[in-house]
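Everything on this sheet refers to the single structure shown next.
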Amino acid sequence: MGKNIAIYPGSFDPCTNGHLDVISRSSKLFDKLYVAVLVNRNKVPTFTIEERVELLKRVTSDIPNIEIISFNSLLVNIATEVGASVIIKGLRAVSDFEYEFQMALANSRLVPGIETLFLPTSNENLFLSSSLVKEVASNGGDISSLVPPEIREDIVRKFLGE
Ligand code: PNS
């Protein structure tokens with residue numbers, strides 16, 4: 001297990017400024033950061049796996065030690081496969097904590113030694129989530145302060161067909 005390799009998993013449906021903040025901060029803490037996009041969930045995602053990966057690649061193109069990958073299994077399996085010993089999770093409110101704490105314990109039970117590192121989200125992104133971005137975009141609201149500028153048009157187009 002590589003000590004300096006971390007993995008940041010999520011649905012990224014779509015990537016927000018909150019995700020990008022966690023990505024750019026954690027990329028400075030590790031030699032290599034894998035951003036792992038979950039392919040399938042119980043609900044059908046708004047953006048396809050190819051779209052979610054492509055949007056993430058575009059907004060992280062200036063970060064050298066990063067790789068965007070997709071996975072369709074347990075997080076610990078892909079973490080082991082890429083040699084990551086640390087899982088990064090962003091925490092917004094206390095309401096995130098209970099679920100994330102349970103996941104962290106489950107993941108370390110599945111692969112003893114794997115650590116979860118919680119990064120507190122930046123102040124300005126406390127309220128931000130992919131669902132909120134979709135809610136605003138699908139109702140024609142302005143998402144320019146919520147997502148990176150390079151992908152704003154893609155998200156607007158998805159909902160309004162512009
Ligand atoms: O962005 P999200 O939807 O909050 O991310 C959730 C994600 C992808 C981190 C979580 O659902 C996950 O790790 N799924 C993979 C399956 C898994 O390993 N589950 C936890 C152990 S039982």
Side-chain angles (χ1 to χ4, degrees), residues 1-2 5-27 29-30 32-60 63 66-122 124-138 143 146-148 150-152 154-155 158-159:
M1 239 187 250
I5 303 177
I7 189 164
Y8 176 43
S11 303
F12 303 104
D13 186 36
C15 169
T16 69
N17 281 341
H19 293 129
L20 188 55
D21 170 57
V22 171
I23 290 171
S24 84
R25 283 160 60 211
S26 41
S27 72
L29 300 174
F30 295 90
K32 173 103 188 182
L33 177 70
Y34 287 91
V35 178
V37 188
L38 181 64
V39 174
N40 280 338
R41 305 210 61 196
N42 298 334
K43 56 180 188 186
V44 180
T46 305
F47 293 82
T48 66
I49 183 64
E50 291 79 14
E51 287 170 330
R52 287 178 280 147
V53 167
E54 201 276 315
L55 295 179
L56 274 163
K57 280 188 177 161
R58 210 185 304 160
V59 300
T60 59
I63 306 176
I66 203 171
E67 198 168 320
I68 316 295
I69 55 177
S70 58
F71 74 110
N72 197 8
S73 65
L74 283 177
L75 170 59
V76 288
N77 291 350
I78 185 76
T80 306
E81 208 175 289
V82 299
S85 54
V86 176
I87 296 167
I88 306 279
K89 291 292 185 87
L91 280 191
R92 285 166 302 193
V94 177
S95 52
D96 283 343
F97 183 74
E98 197 170 337
Y99 175 73
E100 291 299 345
F101 189 49
Q102 188 187 13
M103 285 299 110
L105 294 179
N107 286 329
S108 76
R109 177 69 61 87
L110 291 169
V111 173
I114 202 151
E115 294 288 0
T116 298
L117 183 67
F118 293 124
L119 281 191
T121 196
S122 301
E124 63 270 26
N125 297 320
L126 267 181
F127 66 98
L128 191 47
S129 67
S130 297
S131 312
L132 184 115
V133 167
K134 289 189 273 193
E135 176 81 12
V136 175
S138 63
I143 56 166
L146 311 179
V147 300
E150 310 92 293
I151 65 172
R152 190 185 72 86
D154 298 69
I155 299 169
K158 180 67 121 184
F159 289 99

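Just follow the structure's listing: the first ligand is 1, and inside any ligand the first atom is 1. Note: hydrogens, waters and symmetry copies are ignored here, and every other heavy atom, side chains too, is used.
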Close-contact set for ligand 1 against L74 heavy atoms, below 4.0 Å: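 This gives 17 (C), 18 (O) as the contact atoms.
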
How far apart are the closest heavy atoms of [X] and [Y], and which atoms are they?
X    : Y    : result
D13  : F47  : OD1-N, 2.8 Å
S108 : I114 : CB-O, 3.7 Å
C15  : I151 : O-CD1, 3.6 Å
N17  : V147 : OD1-C, 3.1 Å
I143 : R152 : CG1-CG, 3.8 Å

Looking only at protein heavy atoms, which one is nearest to [atom], and what is the separation?
atom                    : value
atom 14 (N) of ligand 1 : L38 CD2, 3.9 Å
atom 11 (O) of ligand 1 : R41 NH2, 3.7 Å
atom 20 (C) of ligand 1 : M103 SD, 3.4 Å

Whether over 12 other heavy atoms sit under 6.0 Å from F127 CZ: yes

Electrostatic pair D21:R25 at N-O distance under 4.0 angstrom: yes

Under-4.0 Å salt bridge between R58 and D154: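 A salt bridge links R58 with D154.
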
Distance-only N or O hit between ligand 1 and S11, under 3.5 Å: yes

[X] and ligand 1 - part of the residue with a heavy-atom distance under 4.0 Å:
X    : value
N107 : side chain
A106 : neither
S73  : backbone
L75  : both

Under-4.0 Å heavy-atom contact between protein and atom 4 (O) of ligand 1: no

Any non-hydrogen protein atom less than 4.0 Å away from atom 8 (C) of ligand 1: yes

